[in-house]
Amino acid sequence: MRLSRYFLPLLKETPAEAQIVSHRLMLRAGLVRQEAAGIYAWLPLGLRVLKKIERIVREEMNRAGAVEILMPTLQPSELWKETGRYDAYGPEMLRLKDRHERELLYGPTNEDMVTEIFRAYVRSYKSLPLNLYHIQWKFRDEVRPRFGVMRGREFLMKDAYSFDLDTAGARRSYNRMYVAYLRTFSRMGLVTIPMRAETGPIGGDLSHEFIVLADTGESQVYCHKDLLEMPVPPADVDFDGDLEPIVRQRTNLYAATSDVHDAARFEAEVPADKRMSARGIEVGQIFYFGTKYSKPMKAVVAGPDGKKVPVESGSYGVGVSRLVGAIIEASHDEAGIVWPEPVAPFDIGLVNLKTGDAKTDAACEGLYAKLQAAGKDVLYDDTAERPGAKFAGMDLIGLPWQVVVGPRGLEKGLVEVKNRKTGAKEELSAEAVVNRFAR
RNA sequence: CGGGGCGUGGCGCAGCCUGGUAGCGCAUCUGCUUUGGGAGCAGAGGGUCGCGUGUUCGAAUCACGCCGCCCCGACCA
């Protein structure tokens, strides 16, 4: 992408409303624009990140055997009345009426609807286990939206729902999501710790929150330090096999959010030098809730004995839009964002220090073409800005690599490659740069 | 929902207390000079001060009402 033809509104000054660093940087780097409290428009650069995160989530869900669907944002009130949640959910649910005075709601979650879909088609235990997920916008009319996209009212969430014949099966489904989440967040460059958590209004009796440690996090968490060093399950982990050892390796160690924290147990179970208390951002949560929805909604299947039983379910959420903020909280410096490569909006920022200079332009065009041919996403700054402004802009938007081309280096036949994260710079020939990034 | 704060060119702010019809920096546009870490000079355009009502000869400024946004707390992916 040529910057001169792109839409990248960078802000030199920080908008007054933004308090935390990820929000400030998202506004300054032109990722999002706030349209109302907790409601954001995604600008080109932010959308690219959102899509990359979404893709990783999708790949790992599919790997774990979940099946993607897409449910609507608007739902009829009837489903929610069946489960009793229409009244129970309260003012956080946005309710509206269509022209025929029919009651609709903007979905804050989808247990009711997915259970309706399940019961409409599935009759036998032979169709189980089943895990249906979608990635869709949600709306929760939070009393107090804040922290930019970290606590928006409208947000993009991946929500998965598992269906099993019995509790043992449900436990296996839960474990699959547990392991899938470890992989998902790790691929985004995040260190997450699964923590025992309260189940909240969703219901159920087994739940873990996946927490990214960050000083600005909303949750106070307590855990065993070794959880930070746990190996991430490999890509070829067998999701049809026994995942219990992987899960237990972690759940054996103390980890809890403040809601369920037990100080006495913490001190008894964790040696003093291994105790860690910190702030964290919740980026995902998994629940097992059994027959909470299948019973009232009569989502039943015939078991091997021919008897109909309500299915055992769980739900599994990932805050996709929240992750954009969470990743920035976990990865930035004074100059701006430092994107982990897998979620960076572009792989490489190509900086032309002197547009209009024939040799510099030619060298840049050559690199731009070859790097793209090598499969890299390149943002080519071909604008007439001054070098200083270009450097500052590139650092702000945080692309992992900067390739800097100017007359001074070209005299020696060299261009500069800078690693945004380490700040390390090296001078290479244009050819060597292409080879560096070619796979 | 309780408490606090803010709303003035695109952005960041001053002016408000002590009413007299709007100012600064950045950005934008033009020209010249610059060009390896957010350039310099000269010039130009752009706002009737969130909305409404009231007080007053006169309201960005005072009063009342409304709307929007932010922060702290309780609640949540």
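- A straight line from CD of A:E385 to P of B:rU34 spans 18 Å, rounded to a whole angstrom.
- With a cut-off of 3.5 Å on both Watson-Crick or G-U wobble distances, the partner of B:rG36 is given as none.
- Comparing the same atom, C1', in B:rC16 and in B:rU30 gives a spacing of 37 Å after rounding to whole Å.
- OP1 or OP2 of B:rA39 lies within a sub-4.0 Å distance of a side-chain N or O belonging to A:R386.
- Residue whose closest nucleotide on RNA chain B sits further toward the 5' end, between A:G409 and A:V318: A:G409.
- Residue-level contact check: A:D159 touches neither bases nor backbone, having no heavy atom under 4.0 Å from any strand.
- Counting any heavy atom pair closer than 4.0 Å across all strands shown, A:A36 reaches sugar-phosphate atoms only and no base atom.
- In terms of heavy atoms, A:T184 sits closest to A:I56 at O-CG2, 3.8 Å.
- Proximity note for A:A37 (side chain, C-beta onward) versus B:rC69, B:rC71, B:rU35: the nearest is B:rC69.
- In this structure, A:Y316 and A:F287 have side chains that are not in contact, with every pair of non-hydrogen atoms separated by 4.5 Å or more.
- The separation of B:rU56 from B:rA63, taken at their C1' atoms, amounts to 12 Å, rounded to a whole angstrom.
- Judged purely by distance below 3.5 Å, without hydrogens or angles, the side chains of A:D164 and A:S173 pair a donor atom with an acceptor atom.
- Taking A:F147 as the reference, nothing meets the ring-ring contact (aromatic ring centres under 6.0 Å, His included) condition, with sequence neighbours excluded.
- Separating the CD atom of A:Q402 from the C1' atom of B:rG36 is a distance of 13 Å, rounded to the nearest angstrom.
- Within 4.0 Å (heavy atoms only), A:G152 reaches at least one base atom of the nucleic acid.
- Listed by first and then second residue, the ring-ring contact (aromatic ring centres under 6.0 Å, His included) pairs involving residues 345-366 of chain A are A:Y6-A:F346 (not counting sequence neighbours).
- The base-pairing partner of B:rU30, taking Watson-Crick or G-U wobble contacts with both distances under 3.5 Å, is B:rA42.
- B:rC1: Watson-Crick or G-U partner is B:rG73, with both key distances under 3.5 Å.
- For the C1' atoms, the distance linking B:rG12 with B:rU28 amounts to 16 Å, nearest Å.
- Taking atom C1' in both B:rC24 and B:rA59, the straight-line distance is 23 Å, to the nearest Å.
- Computed from coordinates, the A:F147 CZ to B:rC75 P distance equals 14 Å when rounded to whole Å.
- Across B:rU34 and B:rA39, the matching C1' atoms stand 7 Å from one another, rounded to whole Å.
- Side-chain proximity of A:V404 to the nucleotides B:rC71, B:rG36, B:rC69 is greatest for B:rG36.
- B:rC16 makes up no base pair with any nucleotide shown, lacking Watson-Crick or G-U wobble contacts both under 3.5 Å.
- A donor and an acceptor atom sit less than 3.5 Å apart, one in the side chain of A:E416 and one in the base of B:rG36.
- Nearest to the side-chain atoms of A:R146 among the listed nucleotides B:rG36, B:rC75, B:rG38 stands B:rC75.
- To the nearest angstrom, P of B:rC71 lies 11 Å from CD of A:E218.
- Between A:D141 atom CG and B:rC75 atom P the separation is 18 Å, expressed in whole Å.
- Phosphate proximity of B:rC72 to A:Q19: absent, as no side-chain N or O sits under 4.0 Å from OP1 or OP2.
- As rounded to the nearest Å, B:rC6 and B:rG58 have P atoms that lie 28 Å from one another.
- Along RNA chain B, the nucleotide nearest A:E142 and the nucleotide nearest A:E35 are compared for position; the residue whose nucleotide lies closer to the 5' end is A:E35.
- Phosphate contact (OP1/OP2 of B:rG38, side-chain N/O of A:K12, threshold under 4.0 Å): absent.
- Separating the C1' atom of B:rG7 from that of B:rG43 is a span of 33 Å, rounded to the nearest Å.
- For the C1' atoms, the distance linking B:rU61 with B:rA14 amounts to 13 Å, nearest Å.
- Between the CG atom of A:L353 and the C1' atom of B:rG37 there is a distance of 10 Å, given to the nearest Å.
- Following rounding to the nearest Å, A:R28 (CZ) and B:rG38 (P) show an atom-to-atom distance of 14 Å.
- Ion pairing of A:E142 with A:R153 is absent here, as no side-chain N (NZ or NE/NH1/NH2) approaches a carboxylate O to less than 4.0 Å.
- The nucleotide B:rA63 finds its pairing partner in B:rU53, both defining distances of the Watson-Crick or G-U wobble pair being shorter than 3.5 Å.
- Annotation: ring-ring contact (aromatic ring centres under 6.0 Å, His included) contacts involving residues 383-414 of chain A, sequence neighbours excluded, comprise A:W401-A:F437.
- Look at CG on A:L10: it is 11 Å from C1' on B:rG38, rounded to the nearest Å.
- Classification of A:E426 and A:R436 as a salt-bridged pair holds, one side-chain N sitting under 4.0 Å from a carboxylate O.
- Residues forming a side chain to side chain donor-acceptor pair (under 3.5 Å) with A:T167 (at least two apart in sequence, or on another chain): none.
- Residue A:M394 is out of contact with every strand shown, counting any heavy-atom pair closer than 4.0 Å.
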Protein-nucleotides 7-13 of chain B N/O pairs under 3.5 Å:
residue : atom : partner : partner atom : Å
B:rC11  : O2   : A:E13   : OE1          : 3.1
B:rG12  : OP1  : A:A16   : N            : 3.1

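- Residues from residues 324-349 of chain A placing a heavy atom under 4.0 Å of any atom in RNA chain B do not occur.
- The residues A:R171 and A:E244 are annotated as salt-bridged, a charged nitrogen and a carboxylate oxygen being separated by less than 4.0 angstrom.
- Salt-bridge formation is not detected for the pair A:R95/A:E103: no Lys NZ or Arg NE/NH1/NH2 atom is positioned less than 4.0 Å from an Asp or Glu carboxylate oxygen.
- Note: A:Y288 and A:Y174 fail the aromatic proximity criterion, with ring centroids not under 6.0 Å apart.
- Residue contacts shown for A:G317 are absent, as no nucleic acid heavy atom lies under 4.0 Å away.
- For the residue pair A:D382 / A:S4, a side-chain donor-acceptor distance below 3.5 Å is found, with atom types taken as modelled.
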